[in-house]
Participant: 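Mind having a look at this structure? Questions to follow.
This chain uses plain numbering: 1 for the first residue, then up along the sequence. Because only heavy atoms are used, hydrogens play no part in the values below, and waters and symmetry mates are left out as well, while side chains stay in.
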Amino acid sequence: MSKENPSDWQQNFIATNLLAIGFNAWNGYLKCDRGAVVCSTSSPLIDGFGETFKAYFVPRSCLAAFLNAWLASPDTVILQGHHMNAHILEAVDNYNPETDAILLLESIDRASFLYLKNLPITPKQCYQQVCKEWSEFLPQSALLTGEKR
C-alpha cells in the first residue's frame, strides 16, 4: 500500500478548478490591483452541479490584516511556519498578474500558500472564458436591455 503525497490533492484541486481560480485572480486584479485568491474546502456545498467551494479575492491592501486574523486562529495551521506572512506579502507584491496567481488554500485546519506560475491558461484567459460562457447563458432580454450580469 503506497502513501498518497499530501500535495496531490492540492494539485488535483488546482487542475479541476483552474478556471475559477484564474477568474477570481484576474477579476480581483481588475477591481483592486494585486492580491490573493482564497479558496476554502472546509465546508463544501453539494448541489445539482456537484461540489462547490468558497472562493474570494483579498486585495493586497487588506491582506496583512486578513493573514494575521486568519492564520492566528487557533484551529488554522499554515504548513510552513510563522514567518509565512512576510513571504506571502512579498510574493503578492512581486507576482505577474498577467501570468501568475497567488492562492491561499484552506482545508479544515490547514492553510497552504501556493504561488501558481506558468499556468496552462492565464488568469486573464480564465476571466475571458468564464465571461464568454456566462454571456451564452444570459437571457436574451438581459442582453438586449444592457442589464448588468
Side-chain angles (χ1 to χ4, degrees), residues 1-138 148-149:
M1 185 169 126
S2 66
K3 292 203 176 225
E4 187 176 321
N5 184 342
S7 67
D8 285 349
W9 80 267
Q10 294 170 341
Q11 294 302 318
N12 290 334
F13 178 87
I14 293 165
T16 302
N17 298 290
L18 185 57
L19 275 178
I21 294 166
F23 170 83
N24 279 290
W26 190 253
N27 189 48
Y29 175 71
L30 290 176
K31 292 179 178 180
C32 307
D33 203 23
R34 295 173 178 276
V37 175
V38 179
C39 293
S40 176
T41 62
S42 295
S43 54
L45 303 171
I46 308 291
D47 61 18
F49 299 105
E51 186 177 59
T52 60
F53 57 90
K54 295 177 187 174
Y56 46 95
F57 185 84
V58 179
R60 171 59 174 93
S61 61
C62 302
L63 194 55
F66 171 82
L67 290 170
N68 287 335
W70 187 48
L71 299 177
S73 173
D75 57 350
T76 301
V77 177
I78 194 149
L79 298 179
Q80 298 294 322
H82 69 281
H83 296 291
M84 187 54 77
N85 284 15
H87 182 66
I88 294 170
L89 295 173
E90 180 182 351
V92 169
D93 288 340
N94 294 304
Y95 81 106
N96 181 351
E98 294 274 341
T99 58
D100 308 333
I102 303 297
L103 175 64
L104 300 172
L105 183 56
E106 177 188 36
S107 178
I108 305 173
D109 65 344
R110 300 262 181 221
S112 300
F113 162 68
L114 299 141
Y115 190 146
L116 307 177
K117 291 182 176 184
N118 303 316
L119 298 169
I121 179 171
T122 68
K124 184 177 182 178
Q125 291 169 328
C126 292
Y127 177 85
Q128 291 169 336
Q129 182 67 34
V130 169
C131 288
K132 178 183 173 195
E133 289 176 16
W134 276 345
S135 69
E136 292 174 7
F137 292 100
L138 282 177
K148 288 189 175 185
R149 297 179 228 181

Participant: Under the side-chain contact (heavy atoms from CB on, under 4.5 Å) test, which residues partner Asn118, sequence neighbours left out?
Facilitator: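 Per chain and number, Asn118 pairs via side-chain contact (heavy atoms from CB on, under 4.5 Å) with no residue.
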
Participant: On the 0 to 90° scale, with breaks at 30° and 60°, tag the Phe23-Trp134 ring pair as parallel, tilted or perpendicular.
Facilitator: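 Aromatic pair Phe23/Trp134 classed perpendicular.
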
Participant: Only pairs under 3.5 Å count here: list side-chain donor-acceptor contacts from residues 26-34, not counting sequence neighbours, and write none if there are none.
Facilitator:
| unit_1 | atom_1 | unit_2 | atom_2 | d |
| --- | --- | --- | --- | --- |
| Arg34 | NH1 | Val92 | O | 3.3 |
| Arg34 | NH1 | Tyr95 | O | 2.4 |
| Arg34 | NH2 | Tyr95 | O | 3.2 |

Participant: Could you pull out all residues at least two apart from Ala64 that satisfy side-chain contact (heavy atoms from CB on, under 4.5 Å)?
Facilitator: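 Counting only residues at least two positions away or on another chain, Ala64 forms a side-chain contact (heavy atoms from CB on, under 4.5 Å) with Leu89.
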
Participant: Do Val37 and Leu116 come close enough that some side-chain heavy atom pair is under 4.5 Å?
Facilitator: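 Side chain of Val37 against side chain of Leu116, heavy atoms only: no contact under 4.5 Å found.
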
Participant: State, with a plain yes or no, whether a side-chain heavy atom of Pro120 is found less than 4.5 Å away from one of Leu18.
Facilitator: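 A side-chain contact exists here, since the closest heavy-atom pair is under 4.5 Å.
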
Participant: Would you say that Ile21 contacts Cys126 through its side chain, given a criterion of any heavy-atom pair below 4.5 Å between the two side chains?
Facilitator: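 No - every pair of side-chain heavy atoms lies 4.5 Å or more apart.
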
Participant: Which atoms form the tightest heavy-atom contact between Ala101 and Ala25, and what is the distance?
Facilitator: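 In terms of heavy atoms, the two residues are closest at CB-CB, 4.0 Å.
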
Participant: Kindly compute the distance separating CG (Leu104) from CD1 (Ile88), expressed to the nearest 0.5 Å.
Facilitator: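 It comes to 5.0 Å.
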
Participant: Once you round to the nearest 0.5 Å, how far does CD1 of Ile121 lie from CD of Gln128?
Facilitator: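 So the CD1 of Ile121 and the CD of Gln128 are separated by 9.0 Å.
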
Participant: Determine the minimum heavy-atom distance between Leu19 and Val130, stating which atoms define it.
Facilitator: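 The answer is O-CG2, 4.2 Å.
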
Participant: Give me the atom names and distance for the closest heavy-atom approach of Phe13 to Leu105.
Facilitator: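 Nearest heavy atoms, Phe13 then Leu105: CE2-CD1, 3.6 Å.
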
Participant: Going by side-chain contact (heavy atoms from CB on, under 4.5 Å), name the residues that satisfy it together with Val58, two or more places apart in sequence or in a different chain.
Facilitator: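 Result, side-chain contact (heavy atoms from CB on, under 4.5 Å) vs Val58: Val38, Tyr56, Cys62, Leu63, Phe66.
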
Participant: CD1 of Ile14 to CG of Leu103: how many Å apart, nearest 0.5 Å?
Facilitator: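 Interatomic distance, Ile14 CD1 to Leu103 CG, rounded to 0.5 Å: 5.5 Å.
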
Participant: Can you tell me how far apart SG (Cys39) and CD (Glu106) are? Round to the nearest 0.5 Å.
Facilitator: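 Rounded to the nearest 0.5 Å, the SG-CD separation comes to 10.5 Å.
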
Participant: How about Ile102 and Phe113: do any of their side-chain heavy atoms sit closer than 4.5 Å?
Facilitator: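 Answer yes - side chains close enough.
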
Participant: Can you confirm whether the side chains of Gln129 and Glu133 place a donor and an acceptor under 3.5 Å from each other?
Facilitator: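 There is such a pair (donor and acceptor under 3.5 Å, judged by atom type) between the side chains of Gln129 and Glu133.
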
Participant: How would you list all residue pairs meeting salt bridge (Lys or Arg N to Asp or Glu O under 4.0 Å) that involve residues 90-103, not counting sequence neighbours?
Facilitator: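 Of all non-adjacent pairs touching residues 90-103, those that pass salt bridge (Lys or Arg N to Asp or Glu O under 4.0 Å) are Arg60-Asp93.
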
